[in-house]
Q: 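Pasting a structure here, questions to come.
We name chains A, B, ... by the order of the sequence lines, and we start the count at 1 in each one.
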Protein chains: 2
Amino acid sequence: MKLDTSKVSIKTSLASCFGSNFQDLNGSQDFLDELATMAQEITVEANSYLFKESDASNFVYIPISGVIMLERSTARGSRHVFAFLFTGNLIGLSEFSFYTFSAKSVSNSTIVKINKDLIKNVFERHPQIAKRFHEYTNMVLNYILDQLFIMGQKTAHQRLALFLLDMEKRIGHGTKKFFLPMSRQDIADYLGMSLETTSRGFTSLKSKGLISIESNYSITLLDPVALAEFGDN
Amino acid sequence: MKLDTSKVSIKTSLASCFGSNFQDLNGSQDFLDELATMAQEITVEANSYLFKESDASNFVYIPISGVIMLERSTARGSRHVFAFLFTGNLIGLSEFSFYTFSAKSVSNSTIVKINKDLIKNVFERHPQIAKRFHEYTNMVLNYILDQLFIMGQKTAHQRLALFLLDMEKRIGHGTKKFFLPMSRQDIADYLGMSLETTSRGFTSLKSKGLISIESNYSITLLDPVALAEFGDN
DNA sequence: CGAGCCCTTGATGCATTTCAACGAATGTGG
DNA sequence: CCACATTCGTTGAAATGCATCAAGGGCTCG
């Protein structure tokens with residue numbers, strides 16, 4: 001029940017949710033103080049669940065390290081992955097009282113867990129912070145719209161190319177070589193295709209000279225511009 | 001520049017955005033008064049644009065009658081339809097200063113056009129109304145997540161079945177026979193498939209005895225339960 | 001070294017797109 | 001009101017993309 005809000009990792013994660021000039025916002029200190037006493041830092045093992053579909057949505061989570069995957073499973077055993085979330089992303093922003101998807105940790109993760117009532121309280125006292133939060137929601141909405149567009153219009157291999165570009169931006173922050181934390185199956189379930197098609201996609205992008213595969217989880221984008229062009233066509 | 005906020009059609013549209021007990025909310029009268037003097041009711045002809053992608057997003061729109069389609073077009077001429085919006089839906093809730101899609105009227109429409117500054121102002125004065133608005137955003141987000149799931153996991157004919165069920169709920173409000181306002185091409189671009197596949201989908205659902213097609217735009221769901229089952233599998 | 005897991009590759013079949021032609025509905029000008 | 005043009009929807013045939021089934025390869029861990 002004690003969170004060290006002076007840690008750089010926590011500060012940067014919060015800044016990524018609430019804007020880079022978060023510290024200057026009216027009420028930010030009050031918010032940080034509340035977090036320091038009421039929020040907690042938890043660790044989650046790889047492959048275990050943060051929460052499951054239809055659990056009561058009492059908490060909001062912000063990953064500090066590691067990767068979280070949001071998923072939903074169908075009546076007939078198949079699975080859909082909605083999103084991969086990294087450091088500084090925000091999980092559980094829904095205003096519904098139950099989660100509509102599960103959150104599973106892909107790797108060992110460190111996560112800040114915040115009581116939703118605390119958040120709501122802060123929002124009521126500090127409209128500026130609430131506003132930032134809603135801007136974040138809006139950004140997410142736009143991100144999902146883009147994803148919807150990709151799902152509707154692109155071939156499997158194009159979706160994979162665009163996925164890798166997105167991961168480069170979010171994991172590698174522009175470094176062409178980066179570590180892909182999720183399995184081929186996870187990617188397949190995210191992009192709405194079979195595991196085999198994902199694998200063939202990797203092979204195809206490799207043989208086109210667009211990427212190189214050092215190991216299953218280490219990828220280098222050899223030609224991001226051409227990769228983007230391939231994805232956009 | 002004068003809006004008759006006492007009209008039933010306008011009241012119901014607002015209620016649908018801001019909740020059924022909107023009138024009881026703190027500040028709702030103030031909001032209505034502002035709308036009465038500052039908002040306007042406009043009419044838009046079929047096939048004309050309310051706004052286009054990358055226009056400055058200065059207004060928020062609420063359809064009173066008619067159908068609006070949100071679309072984006074690609075570099076190479078293809079088009080994606082994000083959503084069909086009906087009476088009481090809300091358009092342009094983005095906090096970005098430019099729209100990221102175009103809004104096109106499918107039929108002749110009547111629309112309430114509200115200046116975004118007015119909205120922002122009201123939200124600052126009345127947090128309760130702002131909150132309703134954000135709940136609405138959240139609902140939209142969940143709706144799009146469902147759509148993403150459908151796009152990733154379902155076959156073309158299943159997507160069509162689920163689309164028809166959604167339209168029944170939103171247009172017919174549960175009346176099995178209803179008027180489909182959009183063309184086959186619009187549906188195809190919404191569901192991410194070709195016009196021909198859409199057409200074959202209609203034929204297939206008809207021959208399965210799930211729907212009947214009185215005319216191109218008049219559809220009856222003969223067996224909604226079976227249709228839902230077909231879509232869910 | 002062997003078991004198990006994840007990934008890759010090959011072969012086949014089905015779903016969907018594409019190309020092409022036809023039919024139905026709608027609108028226009030004579 | 002009819003002939004014609006035009007738009008929109010349906011249907012067929014061929015080609016393609018992707019899923020599925022099945023087998024093999026490579027890595028990791030006991």
Q: If you count every heavy atom of other residues, nucleotides or ligands that lies below 6.0 Å from B:Glu229 atom CD, does the total exceed 12?
A: no
Q: Mind checking whether B:Thr100 and B:Ser94 have side chains closer than 4.5 Å, heavy atoms only?
A: no
Q: State, with a plain yes or no, whether a side-chain heavy atom of A:Asp186 is found less than 4.5 Å away from one of A:Met69.
A: yes
Q: Using a cut-off of 4.0 Å on non-hydrogen atoms, how would the nucleic acid contact of B:Thr198 be classed: base, sugar-phosphate, or nothing?
A: nothing
Q: Can you give the first and last nucleotides of DNA chain C, 5' to 3', that have an atom under 4.0 Å from a heavy atom of chain A?
A: C:dC6 to C:dA11
Q: Using side-chain hydrogen bond (donor to acceptor under 3.5 Å, both in side chains), reason through B:Ser48 and B:Ser105 one step at a time and then give a plain yes or no.
A: CA-CA 6 Å; B:Ser48 62; B:Ser105 190; 5.6 Å; no
Q: Pick base, sugar-phosphate or nothing for A:Ser194, based on heavy-atom distances below 4.0 Å to the nucleic acid.
A: base
Q: Look at all strands and tell whether B:Ser183 reaches a base, only sugar-phosphate, or nothing, counting heavy atoms closer than 4.0 Å.
A: sugar-phosphate
Q: Report the C-alpha separation of A:Asn108 and A:Thr43 in whole Å, then their side-chain angles, then the decisive distance to 0.1 Å, and conclude whether the side chain to side chain contact (heavy atoms under 4.5 Å, CB included) test is met.
A: CA-CA 7 Å; A:Asn108 292 341; A:Thr43 59; over 6 Å; no
Q: Take the angle between the ring planes of A:Phe51 and A:Tyr99 and call it parallel below 30°, perpendicular above 60°, tilted in between.
A: parallel
Q: Does anyone know the first and last nucleotide of DNA chain D in reach of chain B, 5' to 3', at under 4.0 angstrom to a heavy atom?
A: D:dC8 to D:dA13
Q: Measure the shortest side-chain to side-chain distance between B:Phe84 and B:Ile68 over non-hydrogen atoms and say whether it is less than 4.5 angstrom.
A: no
Q: With heavy atoms under 4.0 Å as the rule, sort B:Thr203 into base, sugar-phosphate or nothing.
A: sugar-phosphate
Q: If you count the non-hydrogen atoms of other residues, nucleotides and ligands that lie under 6.0 Å from CD in B:Glu214, is the total more than 12?
A: yes
Q: When the nearest nucleotide of DNA chain D is assigned to A:Met193 and to B:Glu196 on a heavy-atom basis, which residue is associated with the more 5' position?
A: B:Glu196
